[in-house]
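Right, one structure below, let's go through it.
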Amino acid sequence: MCIRDSTKCERYYIIADSTKETMTEKKLTKIRQKAELIIIPDSKHVVMLDNETRFNEEIKKILK
């Protein structure tokens, strides 16, 4: 999930903990060059539901 906060012109890339494990270091480096990478622990494919509390905390940080 990629979120762009248009007021700050910053980019955030939110991924599940399990997704990070399957990504190559090259892909993670490429993401980090373009956006702030946020990894939600204890989550799988549906990151916003698998660890809803942590996901919502991260979204609140972005929107402040």
Side-chain angles (χ1 to χ4, degrees):
M1 169 183 295
C2 187
I3 297 175
R4 183 166 185 233
D5 180 352
S6 61
T7 59
K8 297 179 185 174
C9 294
E10 294 179 16
R11 294 178 185 249
Y12 302 88
Y13 199 88
I14 300 173
I15 63 172
D17 200 23
S18 62
T19 303
K20 179 185 176 258
E21 294 173 10
T22 62
M23 289 182 146
T24 63
E25 193 58 40
K26 183 178 179 180
K27 175 73 174 177
L28 289 170
T29 301
K30 188 174 182 178
I31 290 170
R32 287 184 179 117
Q33 290 174 347
K34 297 179 180 181
E36 181 179 336
L37 181 63
I38 299 171
I39 301 167
I40 306 298
D42 301 323
S43 58
K44 295 182 179 164
H45 182 69
V46 188
V47 66
M48 59 202 95
L49 298 177
D50 292 337
N51 192 341
E52 184 178 343
T53 303
R54 181 66 183 269
F55 179 81
N56 288 335
E57 287 172 2
E58 294 298 333
I59 294 296
K60 286 178 188 177
K61 288 181 198 174
I62 291 170
L63 297 176
K64 285 187 178 180

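Here Tyr13 contributes atom OH and Ile31 contributes atom CD1; the two are 4.5 Å apart, rounded to the nearest 0.5 Å.
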Can I get a per-line list of side-chain donor-acceptor pairs under 3.5 Å for residues 38-52, giving both atom names and the distance, sequence neighbours left out?
from: Ser43; atom 1: OG; to: Asp17; atom 2: N; distance (Å): 3.4
from: Ser43; atom 1: OG; to: Ile40; atom 2: O; distance (Å): 2.6
from: Asp50; atom 1: OD2; to: Lys44; atom 2: N; distance (Å): 2.7
from: Asn51; atom 1: OD1; to: Arg54; atom 2: N; distance (Å): 3.4
from: Asn51; atom 1: ND2; to: Pro41; atom 2: O; distance (Å): 2.7

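Counting heavy atoms from C-beta outward, Ile15 and Met23 have side chains that approach closer than 4.5 Å.
Qualifying side-chain contact (heavy atoms from CB on, under 4.5 Å) partners for Glu25, counting only residues two or more places apart in sequence or in other chains: Leu28, Thr29, Arg32.
Salt bridge present: Glu58 and Lys61 bring a charged side-chain N and a carboxylate O closer than 4.0 Å.
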